[in-house]
Amino acid sequence: MIPKLIWVALWSVASSAAVASSDRLSQTEQAAAANSHAPLFEAEMQRASSFVGEMMEAGIIVPVPKDPGGGYTHEQHKQNYKAIYLSGQLHRITGEQKYADYGRDLLLAYAKLYPTLGEHPARKNSQSSGRIFWQVLNDAMWMVHSIQGYEAIRSGLSQADRDNIDNNLFRKAAAFLSTGSAVTFSKIHNHATWATAGVGMTGYVLDDKEMVDIALLGLDKSGQTGFLRQSELLFSPDGYYTEGPYYQRFALKPFVVFAGAIEKNDPERKIFEHRDGILLKALRTTIQLTYDGYFFPFNDAIRDKSLNTDELYHGVAIAYRKTRDPALLSIAQWQGRTVLSDDGKRVAADLAAGKSIPFPFKSLLLSDGPEGKQGAVTILRNGDSRSGQALIGKNSSQGMGHGHFDKLSWQYYDNGNEIVTDYGAARFLNIEAKDGGRYLPENETWAKQTIAHNSLVVDEKSHFDGDPKIGGKFAPEQLFFTDKPGSQISSAKMANAYPGVSFTRTQALLNIDGLGQSIVVDVTRVQSDRAHQYDMPLHYNGQIMRVGFEIQSHENARPVLGTENGYQHIWVDATGRPAGADKAFVTWILDDRFYTARWIPQVGSEAMLVESGAHDPNFNLRREPIIIQRVSDVQDTTFASILEAHGRYDGAEERTTDSDSQVKSIALRQIDGADLLVVETIDGISEVLAISYDRDAGKMHSAIIDGQKISWSGYAAHIKLGKVTK
C-alpha cells in the first residue's frame with residue numbers, strides 16, 4: 001500500500017499520471033486521496049473510524065433492554081445504532097469489508113433479540129413504551145440510524161443474512177412503530193416524525209411500497225396524518241416549529257433525512273419544493289433561533305443544546321446540497337463537524353475552498369401556526385450573534401404538550417450571555433440519577449408555571465390555569481413589528497390567559513444618544529373587568545451590585561412566597577416599596593458588564609427579591625434570582641420599565657467604569673389613550689417610546705411632553721426629544 005503522504009503527492013501530478021496511478025491503488029487509498037483536500041471530512045472519517053474501531057474491539061454487545069435513559073442498556077443500544085450507521089458509511093466510503101462485517105454482525109444480533117422483546121421494563125405509564133428503549137421515540141431513533149447503515153451494506157450480504165435482518169428485525173420493528181404504536185404514529189408531533197421517517201426509510205430500503213405509503217400518508221393513507229401532514233401542520237409559513245427551537249432542532253433530522261430518501265427514491269414528489277420549500281426554510285429558521293450558537297430555551301428545552309448537534313450536521317449538509325448557500329458553510333465551520341455522506345463531502349470541500357460567507361443573523365418576525373395565525377416569535381438583534389444584543393419575544397402558541405404557560409414572555413442576550421433568562425425544562429437528560437433522565441416532577445410544578453417566566457401573573461395562577469388543552473385553543477395576537485435599526489419595536493396582545501383579563505406588551509430595542517448600548521423598553525398594559533393582584537417577574541443572571549430602594553431582608557429564615565402554581569418553589573430574600581421611579585431599580589453585574597433594571601412603581605406596589613429552589617427536597621431545581629413587581633387590588637394597570645447595559649469591570653486591571661446607570665430617570669405619560677415612556681439620560685438627553693395602540697399605519701398621533709410637541713404615525717415610534725429644559 002502506498003503511504004498516504006506519498007499518495008497526496010502523486011495526486012498533485014498531471015491528470016493522466018494520476019489516473020494511471022489510481023488504477024494501481026486500492027479503493028481505500030483512492031477514497032483517502034479524494035478526501036485529502038477536505039480537512040473537515042477527513043476529521044469526520046478519523047472520528048468515525050476511531051469510534052467504530054473501539055466498538056469492534058469491544059465485540060458484539062446487544063444486551064436485553066432493562067434501564068431507563070442514562071442506564072447501561074440504554075446507552076449501549078444508543079452506541080450500537082451509532083455504530084451501525086457509521087460502519088455502513090465507512091464501508092461505503094472506503095470499501096473495507098471489516099466495516100460491513102461488523103455492521104452485519106450487530107444487525108444479526110438484533111435480529112435474534114428483537115422478536116423476543118415485549119414492553120420495556122422501565123416504561124412509564126404516561127408514555128408509550130418502546131421495545132429496545134423505555135419510550136417508543138428512542139426505538140424510532142434507533143430505526144432511522146440503523147436503516148441507513150443497513151442500506152449501505154445490504155447488497156453485499158448473503159441472501160440468508162438479508163432475509164434474516166429484513167424479516168426478523170426491520171419488518172418487525174416497522175410493524176411495531178406503525179400499527180403496533182398507532183397512537184404515536186398518528187400524532188402530529190416530533191415522536192411521530194421520527195417514527196414515520198424510520199418506517200418510510202425502511203420501506204424504501206426493503207422496496208416495500210406499503211411501508212412508504214403509510215409513512216407518508218398515515219395508517220389509513222388519507223393524508224390526514226403521516227409525514228407529509230406533519231410538515232404542513234408543525235411548521236408555520238416562516239419555518240417556525242410549534243414546539244419551540246429545542247424541539248425544532250430535534251425534529252429537523254428525521255424531516256430532512258427522510259426527505260433526502262424521498263428525493264432519491266421518489267424524485268417526482270419534489271419533496272424539497274413541498275409547501276413552498278418548507279423544510280429548507282425550517283433549517284434556516286432553526287439557525288436563526290440561536291444566540292452564540294445556543295438555542296433560545298423556549299418550552300421544554302434543555303439549555304445546553306446548540307448548533308453542535310447531529311441533527312444540524314445533517315440538516316446543514318442536505319440544505320447546502322439543495323441550495324449551495326455559502327452562508328451555510330459558515331455554520332458548518334462553527335460546528336467543526338459534518339456528516340459521512342456525499343453532502344458532507346461537498347460541504348467540507350467548499351469550505352476548504354474558501355467559499356464560506358457569514359450567516360445573516362438578523363431581526364425577524366416568525367409567525368406561528370400552520371397558517372401563521374397563532375402568534376409569533378420576535379427576534380430583535382443589534383450587533384453580531386455572538387456578543388451583540390438580542391431581545392426575544394415569545395408571543396407564540398402553547399407548543400402542544402411541551403409548551404409552557406408564559407404568553408408574551410421574553411429573554412434578553414448581551415455580551416455573549418443570557419441576561420434575562422428562561423428556565424427551560426426541569427430535566428437532566430439521560431442522567432439516570434435524575435429519574436432516568438426523564439422530565440422531573442418540578443417540570444410541572446415549576447418550569448411550566450407562569451411565575452417561572454418573564455410574564456404577567458394574575459392572582460398567583462398560571463396562564464389558562466395551567467391546563468394545556470385550554471392553552472392550545474388560544475394564542476397571542478401579534479400587533480406590530482418593526483426592525484428599523486436603532487428603533488426596533490414589537491407589540492402583542494393576549495386576551496384569554498385569564499378570564500376577563502387582557503394584556504398588551506410592547507417591547508423595544510432602542511439606541512439612545514449618549515448610551516454605549518441599546519436599551520430594552522418594556523410597557524405592559526393590563527385591562528380587566530375586576531380587581532386583581534398582578535405580579536411581573538424578571539428572571540435575571542448576575543450578582544446584585546446596588547438596590548435603589550430600602551429593603552427588609554429575611555436574614556434568619558427564608559419565607560416561601562406561596563403554596564402552588566410555582567410559588568411554592570420561591571424563597572423570599574427581601575422586600576421593599578420604592579418611593580418613586582428614581583429609586584425603583586436594581587443593578588447587577590455579569591462577567592465584565594453591568595445591568596440596571598429600572599421601573600415605574602405603581603401606587604402601593606411592592607418589589608420582592610426572591611430565588612427559586614424552595615420545596616425541592618431532591619435538589620432538582622437550579623437556584624436563580626428573580627425580581628418581582630407586585631401590585632394588589634387594582635383593576636387596570638401598566639407595568640413600565642427599561643433594562644440598561646452599561647459600564648465595564650476589568651478584573652485584570654482592577655478598574656471599573658460606569659458601574660452606575662447612565663439613565664437619570666424614566667416616566668410614563670398616558671395621553672389620549674397612548675402610552676409614552678420617556679427616558680432621560682444623565683447627560684440630559686430625552687427620548688420617547690410612543691405607543692398609540694392604533695394599527696392604522698397611516699394615522700397621525702401627537703402629544704405634548706415637557707412643553708415639546710411630538711408626532712408620529714401608526715402603532716408605535718421612537719422619538720428623540722434632545723435636551724429638555726424643565
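Values reported hereafter were calculated over all heavy atoms of this structure, with side chains retained and with hydrogens, waters and symmetry mates removed. This is a predicted model, so every value here is computed, not measured.
- Judged by distance alone, with hydrogens and angles left aside, the side-chain atoms of N454 form no donor-acceptor pair with the main-chain N or O of S409 at under 3.5 Å.
- Using modelled atom types, one side-chain atom of N565 and one backbone atom of E460 make a donor-acceptor pair closer than 3.5 Å.
- When the side-chain hydrogen bond (donor to acceptor under 3.5 Å, both in side chains) test is applied to T184, the partners found at least two apart in sequence or on another chain are S128.
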Derivation and outcome, salt bridge (charged side-chain N to carboxylate O under 4.0 Å, His left out), residues E564 and K461: CA-CA 8 Å; E564 57 185 354; K461 295 182 179 180; over 6 Å; no
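- A ring-centre distance under 6.0 Å is not found for H463 and F405.
- With sequence neighbours excluded, the residues that form a side-chain contact (heavy atoms from CB on, under 4.5 Å) with Q224 are S222, R229.
- The aromatic ring centres of Y439 and H402 sit less than 6.0 Å apart.
- Ring-centre distance between F296 and Y246: not below the 6.0 Å cut-off.
- Here the CG-NZ distance, from L177 to K172, works out to 14.0 Å after rounding to the nearest 0.5 Å.
- With sequence neighbours left out, A122 forms a side-chain contact (heavy atoms from CB on, under 4.5 Å) with P68, H120, W134, R438.
- The pair E611-R558 counts as a salt bridge, with a side-chain nitrogen and a carboxylate oxygen less than 4.0 angstrom apart.
- At distances below 3.5 Å, not a single donor-acceptor pair connects side-chain atoms of D422 with backbone N or O atoms of F298.
- Taking N299 as the reference, K394 meet the side-chain hydrogen bond (donor to acceptor under 3.5 Å, both in side chains) condition, with sequence neighbours excluded.
- Residues satisfying the side-chain contact (heavy atoms from CB on, under 4.5 Å) test with A390, not counting sequence neighbours, are Y291, R381, I392, Y413.
- Ionic pairing of D535 and R630 is present here: one or more N-O contacts between side-chain nitrogen and carboxylate oxygen are shorter than 4.0 angstrom.
- For D292, there are no side-chain hydrogen bond (donor to acceptor under 3.5 Å, both in side chains) partners two or more places apart in sequence or in a different chain.
- Ring centers of Y534 and F503: at least 6.0 Å apart, outside the cut-off.
- Taking the centre of each ring, W142 and F133 stay at or above the 6.0 Å mark.
- The six-membered or imidazole ring of H453 lies near that of H404, with a centre-to-centre distance under 6.0 Å.
- Ion pairing of R249 with D310 is absent here, as no side-chain N (NZ or NE/NH1/NH2) approaches a carboxylate O to less than 4.0 Å.
- Between H539 and Y412, the gap from one ring centroid to the other reaches at least 6.0 Å.
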